[in-house]
Amino acid sequence: MTFHNKITSLHLDVLKEIGNIGAAHAATALSSLLNTKIDMRVPKVEMVSFNEMMERGGGAEQVVAGIYLRIEGDAKGGMFFILPIEQANHFIQKLIRDEGFDFRQSPIPELGFSAMQELGNILSGSYLSALSDFTSLKIYPTPPALSIDMFGAIISFGLIEVSQVSDHVIVIDTTIYEESMGDTETVRGHFFLLPDPDSFESIFKALGVS
(Lines give C-alpha, C1' and ligand atoms only; values in the text may rest on other atoms or scores of the structure.)
Protein backbone atom coordinates (compact mmCIF):
# COMPACT_ATOMS: atom_id res chain seq x y z
CA MET A 1 0.00 0.00 0.00
CA THR A 2 1.40 3.40 -0.95
CA PHE A 3 1.36 6.27 1.51
CA HIS A 4 -1.28 8.02 -0.61
CA ASN A 5 -3.71 5.25 0.31
CA LYS A 6 -3.02 5.67 4.03
CA ILE A 7 -3.93 9.35 4.27
CA THR A 8 -6.62 9.87 6.90
CA SER A 9 -8.90 12.71 8.00
CA LEU A 10 -6.23 13.64 10.58
CA HIS A 11 -3.70 14.25 7.82
CA LEU A 12 -6.20 16.40 5.93
CA ASP A 13 -7.09 18.36 9.08
CA VAL A 14 -3.41 19.17 9.57
CA LEU A 15 -3.15 20.40 5.97
CA LYS A 16 -6.29 22.49 6.47
CA GLU A 17 -4.87 24.14 9.59
CA ILE A 18 -1.60 24.88 7.81
CA GLY A 19 -3.61 26.22 4.88
CA ASN A 20 -5.52 28.64 7.10
CA ILE A 21 -2.28 29.95 8.60
CA GLY A 22 -0.87 30.45 5.11
CA ALA A 23 -4.13 32.10 4.01
CA ALA A 24 -3.86 34.61 6.87
CA HIS A 25 -0.37 35.60 5.69
CA ALA A 26 -1.55 35.86 2.08
CA ALA A 27 -4.52 38.01 3.13
CA THR A 28 -2.17 40.49 4.78
CA ALA A 29 -0.12 40.79 1.58
CA LEU A 30 -3.21 41.12 -0.61
CA SER A 31 -4.74 43.73 1.71
CA SER A 32 -1.64 45.85 1.21
CA LEU A 33 -1.72 45.42 -2.57
CA LEU A 34 -5.42 46.24 -2.91
CA ASN A 35 -5.52 48.86 -0.15
CA THR A 36 -8.60 47.20 1.32
CA LYS A 37 -9.14 44.52 3.97
CA ILE A 38 -8.95 41.00 2.56
CA ASP A 39 -9.85 37.84 4.44
CA MET A 40 -8.86 34.39 3.21
CA ARG A 41 -9.97 31.01 4.46
CA VAL A 42 -9.41 27.35 3.67
CA PRO A 43 -12.81 25.79 4.37
CA LYS A 44 -11.97 22.29 3.19
CA VAL A 45 -9.07 20.00 2.27
CA GLU A 46 -9.87 16.71 0.58
CA MET A 47 -8.26 13.89 -1.32
CA VAL A 48 -10.17 13.34 -4.56
CA SER A 49 -9.87 11.15 -7.63
CA PHE A 50 -8.74 12.56 -10.96
CA ASN A 51 -12.36 12.48 -12.20
CA GLU A 52 -13.56 14.41 -9.12
CA MET A 53 -10.74 16.89 -9.63
CA MET A 54 -12.02 17.59 -13.14
CA GLU A 55 -15.45 18.32 -11.68
CA ARG A 56 -13.92 20.73 -9.12
CA GLY A 57 -12.33 22.64 -11.98
CA GLY A 58 -15.67 23.01 -13.73
CA GLY A 59 -15.04 20.21 -16.21
CA ALA A 60 -12.18 19.45 -18.56
CA GLU A 61 -13.36 22.01 -21.14
CA GLN A 62 -13.93 24.88 -18.68
CA VAL A 63 -11.65 27.82 -19.48
CA VAL A 64 -9.70 28.81 -16.37
CA ALA A 65 -6.68 30.77 -15.22
CA GLY A 66 -4.18 28.18 -14.06
CA ILE A 67 -0.97 28.85 -12.18
CA TYR A 68 1.53 25.99 -11.99
CA LEU A 69 4.73 25.77 -10.01
CA ARG A 70 7.13 23.12 -8.87
CA ILE A 71 7.79 22.56 -5.18
CA GLU A 72 11.48 22.09 -4.50
CA GLY A 73 13.61 21.35 -1.44
CA ASP A 74 13.11 18.57 1.11
CA ALA A 75 9.63 17.71 -0.21
CA LYS A 76 9.19 17.95 -3.96
CA GLY A 77 6.08 18.02 -6.08
CA GLY A 78 3.79 20.21 -8.12
CA MET A 79 1.04 22.67 -7.24
CA PHE A 80 -1.72 24.27 -9.29
CA PHE A 81 -3.92 27.21 -8.34
CA ILE A 82 -7.06 27.30 -10.50
CA LEU A 83 -9.56 30.15 -10.83
CA PRO A 84 -12.62 30.28 -13.12
CA ILE A 85 -11.89 32.89 -15.77
CA GLU A 86 -14.67 35.23 -14.57
CA GLN A 87 -13.31 35.27 -11.03
CA ALA A 88 -9.75 35.73 -12.27
CA ASN A 89 -10.95 38.73 -14.31
CA HIS A 90 -12.72 40.22 -11.27
CA PHE A 91 -9.66 39.95 -9.07
CA ILE A 92 -7.21 41.34 -11.60
CA GLN A 93 -9.58 44.19 -12.51
CA LYS A 94 -9.49 45.21 -8.86
CA LEU A 95 -5.75 44.73 -8.58
CA ILE A 96 -4.77 46.81 -11.63
CA ARG A 97 -7.79 49.15 -11.41
CA ASP A 98 -8.97 48.42 -14.93
CA GLU A 99 -12.59 47.29 -15.19
CA GLY A 100 -12.14 46.48 -18.86
CA PHE A 101 -9.43 43.88 -18.34
CA ASP A 102 -10.30 40.42 -19.65
CA PHE A 103 -8.09 37.34 -19.85
CA ARG A 104 -9.98 36.37 -23.01
CA GLN A 105 -8.42 39.32 -24.84
CA SER A 106 -5.76 38.53 -27.42
CA PRO A 107 -3.06 39.30 -26.69
CA ILE A 108 -3.54 39.38 -22.91
CA PRO A 109 -2.35 42.75 -21.55
CA GLU A 110 1.03 42.26 -19.88
CA LEU A 111 0.08 44.15 -16.70
CA GLY A 112 -2.82 41.82 -15.91
CA PHE A 113 -0.80 38.74 -16.81
CA SER A 114 1.98 39.80 -14.44
CA ALA A 115 -0.55 40.62 -11.70
CA MET A 116 -1.99 37.10 -11.91
CA GLN A 117 1.48 35.61 -11.62
CA GLU A 118 2.05 37.76 -8.54
CA LEU A 119 -1.20 36.44 -7.06
CA GLY A 120 0.16 32.93 -7.59
CA ASN A 121 3.42 33.90 -5.92
CA ILE A 122 1.62 35.30 -2.87
CA LEU A 123 -0.82 32.42 -2.40
CA SER A 124 1.56 29.54 -3.05
CA GLY A 125 4.43 31.19 -1.19
CA SER A 126 2.27 31.81 1.88
CA TYR A 127 1.00 28.22 1.96
CA LEU A 128 4.42 26.67 1.44
CA SER A 129 6.00 28.98 4.03
CA ALA A 130 3.44 27.82 6.59
CA LEU A 131 4.09 24.19 5.64
CA SER A 132 7.84 24.74 5.95
CA ASP A 133 7.46 26.41 9.37
CA PHE A 134 5.36 23.52 10.71
CA THR A 135 7.59 20.76 9.38
CA SER A 136 11.01 22.45 9.63
CA LEU A 137 11.56 21.16 6.10
CA LYS A 138 13.10 23.40 3.47
CA ILE A 139 10.28 23.85 0.96
CA TYR A 140 10.08 26.58 -1.63
CA PRO A 141 8.27 27.27 -4.93
CA THR A 142 9.74 27.85 -8.35
CA PRO A 143 8.51 30.95 -10.25
CA PRO A 144 4.89 30.39 -11.30
CA ALA A 145 3.83 29.72 -14.88
CA LEU A 146 0.41 31.10 -15.89
CA SER A 147 -1.84 29.57 -18.54
CA ILE A 148 -5.27 30.59 -19.79
CA ASP A 149 -6.73 27.42 -21.26
CA MET A 150 -9.19 24.60 -20.72
CA PHE A 151 -8.83 23.05 -17.27
CA GLY A 152 -8.14 19.58 -18.65
CA ALA A 153 -5.29 20.85 -20.82
CA ILE A 154 -3.67 22.74 -17.94
CA ILE A 155 -3.95 20.06 -15.27
CA SER A 156 -2.84 17.14 -17.47
CA PHE A 157 0.74 18.42 -17.37
CA GLY A 158 0.99 17.90 -13.61
CA LEU A 159 -0.69 14.49 -13.66
CA ILE A 160 1.92 12.77 -15.78
CA GLU A 161 4.22 11.84 -12.89
CA VAL A 162 1.71 11.48 -10.04
CA SER A 163 -0.54 9.19 -12.12
CA GLN A 164 2.22 6.56 -12.06
CA VAL A 165 1.81 6.07 -8.31
CA SER A 166 -1.71 7.29 -7.49
CA ASP A 167 -5.04 8.25 -9.01
CA HIS A 168 -5.82 10.87 -6.31
CA VAL A 169 -4.70 14.41 -5.54
CA ILE A 170 -5.09 16.78 -2.59
CA VAL A 171 -7.56 19.65 -3.14
CA ILE A 172 -7.21 22.74 -0.93
CA ASP A 173 -10.29 24.96 -1.32
CA THR A 174 -9.50 28.67 -0.94
CA THR A 175 -11.95 31.55 -0.55
CA ILE A 176 -11.09 35.25 -0.64
CA TYR A 177 -13.43 37.84 0.91
CA GLU A 178 -13.27 41.59 0.35
CA GLU A 179 -14.37 44.02 3.07
CA SER A 180 -15.96 46.48 0.66
CA MET A 181 -18.45 43.80 -0.38
CA GLY A 182 -19.31 42.73 3.16
CA ASP A 183 -18.95 39.00 3.72
CA THR A 184 -19.69 38.24 0.08
CA GLU A 185 -17.43 35.60 -1.34
CA THR A 186 -15.59 37.36 -4.13
CA VAL A 187 -13.10 34.74 -5.28
CA ARG A 188 -13.17 31.00 -4.88
CA GLY A 189 -10.34 28.90 -6.21
CA HIS A 190 -8.66 25.56 -5.69
CA PHE A 191 -5.14 24.46 -4.98
CA PHE A 192 -4.29 21.04 -6.36
CA LEU A 193 -1.31 19.57 -4.52
CA LEU A 194 0.58 16.86 -6.40
CA PRO A 195 3.51 15.67 -4.26
CA ASP A 196 6.19 13.43 -5.69
CA PRO A 197 5.89 9.82 -4.44
CA ASP A 198 8.08 10.14 -1.34
CA SER A 199 7.11 13.67 -0.33
CA PHE A 200 3.83 13.00 1.49
CA GLU A 201 5.51 10.58 3.87
CA SER A 202 8.33 13.05 4.54
CA ILE A 203 5.86 15.84 5.29
CA PHE A 204 3.65 13.88 7.65
CA LYS A 205 6.57 12.26 9.45
CA ALA A 206 7.90 15.77 10.11
CA LEU A 207 4.45 16.76 11.42
CA GLY A 208 4.33 13.72 13.71
CA VAL A 209 1.15 12.30 12.17
CA SER A 210 2.56 9.58 9.91
Side-chain angles (χ1 to χ4, degrees), residues 19 21-42 56-58 61-73 76-132 138-159 171-181 184-194:
I21 292 171
H25 295 316
T28 299
L30 291 175
S31 295
S32 178
L33 276 177
L34 293 170
N35 197 30
T36 186
K37 182 173 174 54
I38 298 293
D39 182 29
M40 289 184 61
R41 304 168 195 170
V42 174
R56 295 296 181 88
E61 297 183 356
Q62 175 74 29
V63 177
V64 299
I67 296 170
Y68 173 75
L69 53 91
R70 280 288 300 172
I71 303 169
E72 299 292 348
K76 296 179 173 61
M79 178 181 281
F80 287 88
F81 181 63
I82 301 295
L83 276 178
I85 199 69
E86 293 81 7
Q87 295 195 4
N89 281 339
H90 168 81
F91 192 90
I92 299 305
Q93 286 167 4
K94 298 285 291 185
L95 187 58
I96 67 175
R97 296 173 175 82
D98 178 3
E99 294 183 0
F101 176 83
D102 193 327
F103 276 111
R104 289 164 290 206
Q105 293 174 272
S106 182
I108 299 171
E110 182 62 30
L111 181 60
F113 197 89
S114 297
M116 192 69 197
Q117 287 182 309
E118 182 60 20
L119 173 64
N121 263 332
I122 291 171
L123 295 179
S124 59
S126 297
Y127 183 82
L128 293 178
S129 291
L131 185 60
S132 181
K138 294 180 180 178
I139 304 171
Y140 53 90
T142 62
L146 171 61
S147 296
I148 308 299
D149 204 339
M150 291 186 294
F151 177 63
I154 291 175
I155 204 73
S156 61
F157 173 77
L159 296 181
V171 180
I172 304 166
D173 290 339
T174 303
T175 55
I176 305 174
Y177 300 83
E178 186 181 339
E179 184 181 60
S180 62
M181 299 185 70
T184 301
E185 184 179 307
T186 58
V187 177
R188 179 174 182 177
H190 304 287
F191 276 111
F192 296 100
L193 187 59
L194 312 172

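Model, not experiment: these values are computed from the prediction. Residues take their numbers from the sequence shown, with the count starting at 1.
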Checklist entry - Going through the distances and angles, do M116 and I148 end up as a side-chain contact (heavy atoms from CB on, under 4.5 Å)? => result CA-CA 11 Å; M116 192 69 197; I148 308 299; 5.9 Å; no

At what distance, to the nearest 0.5 angstrom, does [atom1] of [X] lie from [atom2] of [Y]?
{"X": "I92", "Y": "D102", "atom1": "CD1", "atom2": "CG", "answer": "12.0 Å"}
{"X": "I155", "Y": "F80", "atom1": "CD1", "atom2": "CZ", "answer": "4.5 Å"}
{"X": "H190", "Y": "I82", "atom1": "NE2", "atom2": "CD1", "answer": "9.0 Å"}
{"X": "T174", "Y": "L83", "atom1": "OG1", "atom2": "CG", "answer": "9.0 Å"}
{"X": "E118", "Y": "I96", "atom1": "CD", "atom2": "CD1", "answer": "13.5 Å"}
{"X": "I67", "Y": "F191", "atom1": "CD1", "atom2": "CZ", "answer": "8.0 Å"}

Next on the checklist: Looking at R97, I'd like to know if its CZ atom is crowded, meaning that more than 12 non-hydrogen atoms belonging to other residues, nucleotides or ligands lie closer than 6.0 Å.
Outcome noted: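 Incorrect, the count does not exceed 12.
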
Backbone of [Y] reached by a side-chain donor or acceptor of [X] within 3.5 Å:
{"X": "T28", "Y": "A24", "answer": "yes"}
{"X": "R41", "Y": "I176", "answer": "no"}
{"X": "N89", "Y": "F103", "answer": "yes"}
{"X": "S156", "Y": "A153", "answer": "yes"}
{"X": "S126", "Y": "A23", "answer": "no"}

Next on the checklist: Could you walk me through whether L123 and M40 satisfy the side-chain contact (heavy atoms from CB on, under 4.5 Å) test, starting with their C-alpha distance in whole Å, then the side-chain angles of each, then the deciding distance to 0.1 Å, before giving a yes or no?
Outcome noted: CA-CA 10 Å; L123 295 179; M40 289 184 61; 3.2 Å; yes

I need the minimum non-hydrogen distance between [X] and [Y], along with the two atoms involved.
{"X": "S132", "Y": "I139", "result": "OG-N, 3.9 Å"}
{"X": "L69", "Y": "P143", "result": "CB-O, 4.5 Å"}
{"X": "N121", "Y": "P144", "result": "OD1-CD, 3.2 Å"}
{"X": "A27", "Y": "I38", "result": "CB-O, 3.4 Å"}
{"X": "A130", "Y": "G22", "result": "CB-N, 3.8 Å"}
{"X": "R104", "Y": "E86", "result": "NH1-OE2, 3.7 Å"}

[Y] side chain reached by [X] side chain, heavy atoms, under 4.5 Å:
{"X": "Y68", "Y": "I154", "answer": "no"}
{"X": "L95", "Y": "L119", "answer": "no"}
{"X": "P109", "Y": "F101", "answer": "yes"}

Checklist entry - When the aromatic ring centroids of F192 and F151 are compared, is their separation below 6.0 Å? => result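 Yes, the ring of F192 comes within the 6.0 Å limit of the ring of F151, centre to centre.
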
